[in-house]
Amino acid sequence: MEESKLEHQEMNIQQFREDLLNWFVEEQRDLPWRKDNQPYKVWVSEIMLQQTRVDTVIPYFERFMEEFPTMEEFAAADEEAVLKIWEGLGYYSRVRNLHSAVKEVVEKYNGIVPDTPKEISKLKGVGPYTAGAILSIAYGKPEPAVDGNVMRVLSRILLIEADIAKPSTRKIFEAAVRTLIDQSNPSYFNQALMELGALICTPTSPACLLCPVREHCQAYANGKEQVLPVKTRKKSVKNISLLSAVLKTADNLYLIRKRPNEGLLANLWEFPTMEVTVNKQYSTQRQALSRYLEQQYDTEIQLETGSFTHVDHVFSHLKWSMDVFAGEIAKTVNLQDGVRLVTEQELEALAFPVPHQKIWKAYKDTQKSGE
DNA sequence: AAGGCGGGGCT
DNA sequence: AGCCCAGCCTT
């Protein structure tokens, strides 16, 4: 910051705002959450957009608003419905926190989303970025909304070389935004910075020749747009080998279980699964899975000889490598808490993480081709 | 400050 | 095979 044009007052801030906003007025994308600025809609869209691309979010946002048009209706929903609407979107704690926070707004704030940084930041799942986004977009308040786009764009325009992977760096950019932000239209100013990051000032090969604020960009002037922002990289993911089973009773019911209420994929449903710690022989794996299932569910199980599918799935911090067996439950199951026997229709109405959706799809494909 | 927490689409 | 994405929470 010390060496930036911003502090030396060399930058024409008025002209920068005007160029940025004029571009946004002309070029902004037609997105479903831009039809109006209702705080509830802005809120839902901002939660969905955390670490998630616009194109991915669009259909989820449409379905969400169709199912839960008001905060009151969302607040009244049960958790299964809440998880189902989020199924496949990832980072499921987002929707658990959103549900909790919307209930709080309905109960304690008379259904009005708070409009101050202090109050809105207390809501679960509303961090510095989301607070600023809601306050500026829904309420027109001149608060910074610094996300990955904004840090990338401003690191280039202002030639800021701080490592954007560090949590503390965000404060530098918030300070910059407080100086730059257009007081008469903070909503468009914040959205324009993000839109510019998404459409022009992209992570690799930014389209500088099309950039509306190229004349204000210090990185472009110094040929540094390709080396900014500075970002240290994270280490690679851990591999985990799993064995799963699609188990069916003679009555065509499937055995599923609910994951623990915290941690990875909390409260989502899955097919019974065990982790394998060592690389064992094929038949031994099948035996290990069989023993695990019979002990776990106090029943007798006949697994088919070979696994019918293999599923690889990469998360942000680990990788699942799953071998999946089909089997029949020979005896009555002792149903513990969080374990259910369900029909196909019931199964498909519950929320499953994508790797287990892949298993189900592969299973149904084998049923189809096997007939 | 560092790591957990999804999933998909680029390069 | 990484990297990135309209981040937040816990430790």
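Labels below follow one simple rule: chain letters A, B, ... track the order of the sequence lines, proteins then strands, and each chain is numbered from 1. Computed from a predicted structure; not experimentally measured.
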Whether A/Tyr92 side chain and A/Leu264 backbone form a donor-acceptor pair below 3.5 Å = no
Provide the distance between the two C1' atoms, one in B/dG3 and one in C/dA6, to the nearest whole Å.
-> 22 Å
Before accepting this row, confirm whether a basic side-chain N of the pair A/Lys124/A/Glu104 lies closer than 4.0 Å to the acidic partner's carboxylate O.
-> no
Which part of the nucleic acid, if any, lies within reach of A/Thr56 when heavy atoms closer than 4.0 Å are counted: base, sugar-phosphate only, or nothing?
-> nothing
Quick check: does any side chain N or O of A/Arg178 sit under 3.5 Å from a backbone N or O of A/Pro144, one acting as donor and the other as acceptor?
-> no
Select base, sugar-phosphate, or nothing to describe what A/Arg259 touches, counting heavy atoms under 4.0 Å on all strands.
-> nothing
Select base, sugar-phosphate, or nothing to describe what A/Leu265 touches, counting heavy atoms under 4.0 Å on all strands.
-> sugar-phosphate
Exactly one candidate in A/Phe64, A/Phe74, A/Trp86 meets ring-ring contact (aromatic ring centres under 6.0 Å, His included) with A/His99; the answer is A/Phe74
Select base, sugar-phosphate, or nothing to describe what A/Pro355 touches, counting heavy atoms under 4.0 Å on all strands.
-> sugar-phosphate
P gap between B/dG8 and C/dC8, integer Å | 22 Å
Counting any heavy atom closer than 4.0 Å, what does A/Ser316 reach on the DNA or RNA strands: base, sugar-phosphate only, or nothing?
-> base
Does A/Arg63 pair with A/Glu87 as a salt bridge, N-O distance under 4.0 Å?
-> no
A/Trp86 near the nucleic acid: base, sugar-phosphate alone, or nothing, with a heavy-atom cut-off under 4.0 Å?
-> nothing
Can you tell me how far P of C/dA6 sits from CZ of A/Arg34, to the nearest Å?
-> 11 Å
Touch check for A/Arg96, heavy atoms < 4.0 angstrom, all strands: base, sugar-phosphate only, or nothing?
-> nothing
Just call it for A/Thr130: base, sugar-phosphate, or nothing, with non-hydrogen atoms closer than 4.0 Å on any strand.
-> sugar-phosphate
A/Glu346 and A/Arg340 ion-paired at < 4.0 Å | no
Dot-bracket encoding of pairs in DNA chain C, which uses [ ] for pseudoknotted crossings and | for another strand, Watson-Crick or G-U under 3.5 angstrom | |||||.|||||
If you look at every strand shown and take non-hydrogen atoms under 4.0 Å, does A/Val126 touch a base, only sugar-phosphate, or nothing?
-> sugar-phosphate
Within the structure shown, what part of the strands sits under 4.0 Å from A/Gly197 by heavy-atom distance: base, sugar-phosphate, or nothing?
-> nothing
Residues in side chain to side chain contact (heavy atoms under 4.5 Å, CB included) with A/Lys361, at least two apart?
-> A/Asp365
